[in-house]
Amino acid sequence: VVSWNAMIHGYVNNEHGQKAVELFAQMQREQVEPNSVTFLGAFNAIASISALEMARYVHCQLIQSEVHLDVTLGNSIIDMYGKCGSIEDACRVFNGMPTRNVISWNAMIGGYLKCNQGIEALELYKQMNEEHVNPSVVTFVNVLTACASIRCLEEGKHIHEHVIQSGYEMDNHIGGCLVDMYSKCGDLDDAYKIFEKMCAPNVVVWNAMIAGYAKSGEEKTAIKLYLQMLEKHVKPDSVTFVAVLNACSSIASLEEGRRVHQKAINFGCESEPFVGSGLIHMYSKCGSIEDACQVFKSLRACDIVIWTSMLDGYAMHGLGKEALCLFEQMCKEDLPMS
RNA sequence: CUCCCAUUGAC
């Protein structure tokens with residue numbers, strides 16, 4: 001059973017949730033009894049592919065088995081239901097737990113977040129405080145993300161206070177969340193104050209700050225920051241490029257856009273789906289439908305956003321025939337069209 | 001073998 005478990009967890013940790021689920025099924029066909037670690041792996045796998053029906057099925061299976069449902073398993077079930085989009089199921093498990101720890105609360109708050117229920121997430125945090133459960137770093141990360149998602153600066157500042165009172169140091173993890181929260185809430189000055197005080201911001205923190213400016217109409221500042229990031233030899237990733245390409249699109253700066261494209265190639269990010277659609281959109285907005293088309297053709301796996309970016313590009317450039325032709329092709333693909 | 005966590009794309 002330990003070998004099966006190791007394999008299942010291995011697949012889950014390498015983004016092969018489907019494979020992990022298949023292994024879990026195969027293991028039982030071969031009459032190996034799952035233990036609690038097996039179920040943890042299975043729940044993680046199901047969560048990663050967001051398979052609600054299977055979540056319920058395996059949850060039932062656990063209850064009918066000999067395996068004792070402890071806090072750890074309960075937490076992982078809450079997490080799984082949250083990630084499968086069923087806050088009701090998560091809530092039922094959470095409410096039915098005989099004992100909870102901080103991870104139970106974190107998983108439940110995280111579930112609300114994933115289901116786009118930021119207000120409920122913050123309400124649960126409040127309840128957690130009332131019940132005198134000590135928040136952990138993950139708690140703060142979750143509630144700051146909740147504030148960012150509902151753009152609630154007041155509550156965000158309040159939680160910032162809690163972070164300071166709790167004595168946690170301003171590391172990249174917490175700092176990144178604060179930068180993101182302040183930027184999304186429109187308070188770029190406070191976001192930058194935190195950013196500049198950080199001693200060694202990692203790529204995520206830079207990205208949050210760059211995206212913050214890019215989305216607030218301060219595209220030039222976003223690009224400037226991106227260039228600073230390169231100077232400081234912080235390695236950009238696909239998130240960086242998507243954010244900067246967006247800034248270039250908004251100000252229709254073809255020259256800058258081309259330079260960013262070149263850097264994306266240098267760092268091996270050019271065929272990431274988000275970067276691909278960002279490039280197509282950028283070239284189209286900057287007036288070069290030819291470049292947009294070339295990027296589109298170079299992409300192997302095209303998702304719905306990439307197709308739509310290209311389609312929109314043709315339409316915006318008055319290329320009706322090309323747009324319709326693309327649409328025909330698009331219909332032959334297996335895409336979730338809206 | 002062992003549960004929770006931040007930053008990015010089109011219409």
Side-chain angles (χ1 to χ4, degrees), chain A residues 1-10 12-13 34-41 43-44 47 70-80 82-83 90 100-111 113-114 135-149 171-181 183-184 191 195 201-212 214-215 222 236-247 249 269 272-282 284-285 292 302-313 315-316 337-338:
Chain A
V1 63
V2 174
S3 320
W4 285 97
N5 291 350
M7 282 305 291
I8 292 171
H9 281 275
V12 176
N13 296 333
N35 64 16
S36 66
V37 180
T38 319
F39 278 107
L40 285 175
F43 292 147
N44 272 328
D70 60 8
V71 192
T72 301
L73 275 167
N75 292 344
S76 130
I77 296 169
I78 294 171
D79 175 57
M80 168 178 68
K83 287 183 177 149
R100 294 175 193 145
N101 58 21
V102 64
I103 297 182
S104 322
W105 290 87
N106 291 346
M108 195 62 223
I109 292 172
L113 260 179
K114 269 144 223 132
S136 67
V137 172
V138 176
T139 314
F140 289 129
V141 167
N142 275 339
V143 287
L144 286 171
T145 308
C147 295
S149 76
D171 59 7
N172 275 325
H173 210 160
I174 287 285
C177 287
L178 284 166
V179 167
D180 180 52
M181 182 278 290
S183 334
K184 289 218 172 94
F195 175 77
N202 64 10
V203 59
V204 175
V205 181
W206 279 96
N207 290 348
M209 197 65 244
I210 292 169
K215 287 176 174 173
D237 62 11
S238 56
V239 177
T240 318
F241 290 116
V242 174
V244 186
L245 285 170
N246 232 310
S249 305
C269 297
E272 292 281 318
F274 277 42
V275 177
S277 57
L279 283 168
I280 293 168
H281 187 235
M282 180 277 291
S284 148
K285 286 275 183 194
C302 290
D303 65 16
I304 183 74
V305 178
I306 292 175
W307 281 93
T308 313
S309 305
M310 195 62 240
L311 190 60
D312 178 61
M316 294 313 270
M337 299 219 267
S338 64

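This one's a predicted model, so the numbers in the text were calculated from it and none came from an experiment. Atom set for the values below is all heavy atoms of this structure, side chains included, hydrogens, waters and symmetry mates excluded. In what follows, chains carry the letters A, B, and so on, assigned in the order in which the sequence lines appear, proteins first and then strands, with residues in each chain numbered from 1.
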- Task: Could you tell me the separation between the SG atom of A:Cys269 and the CG atom of A:Leu245, rounded to the nearest 0.5 Å?
- Result: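 Answer for the SG-CG pair, A:Cys269 versus A:Leu245, is 10.5 Å.
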- To the nearest 0.5 Å, how far apart are CD1 in A:Ile8 and CZ in A:Phe43?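 Going from CD1 on A:Ile8 over to CZ on A:Phe43, the span is 12.0 Å.
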- Going by atom types only, do A:Thr72 and A:Asn75 share a side-chain donor-acceptor pair under 3.5 Å?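 No, A:Asn75 and A:Thr72 have no side-chain donor paired with an acceptor closer than 3.5 Å.
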- Item | A:Asn35 and A:Thr38: side chain donor to acceptor below 3.5 Å |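 A donor-acceptor contact under 3.5 Å links the two side chains.
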- Counterpart residues, side-chain contact (heavy atoms from CB on, under 4.5 Å), relative to A:Pro273 (two or more places apart):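 Listed in chain order: A:Asp303, A:Ile306.
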- Contact pattern, 5' to 3', of nucleotides 1-6 of chain B - B, S or - by protein heavy atom under 4.0 Å: BBBBBB
- Touch check for A:Thr308, heavy atoms < 4.0 angstrom, all strands: base, sugar-phosphate only, or nothing?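 Base, at least one base heavy atom under 4.0 Å.
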Nearest-angstrom distance from the residue atom [atom1] of [X] to [atom2] of [N]:
X        : N      : atom1 : atom2 : value
A:Asp237 : B:rU7  : CG    : P     : 12 Å
A:Glu272 : B:rU7  : CD    : C1'   : 15 Å
A:Leu245 : B:rA10 : CG    : P     : 11 Å

- Task: Check whether any side-chain N or O of A:Lys215 sits under 4.0 Å from OP1 or OP2 of B:rU7, and answer yes or no.
- Result: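 Checking A:Lys215 against B:rU7: no side-chain N or O falls below 4.0 Å of OP1 or OP2.
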- Item | A:Met316 CE: over 12 foreign heavy atoms closer than 6.0 Å |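 Open: at most 12 neighbouring heavy atoms sit under 6.0 Å from CE of A:Met316.
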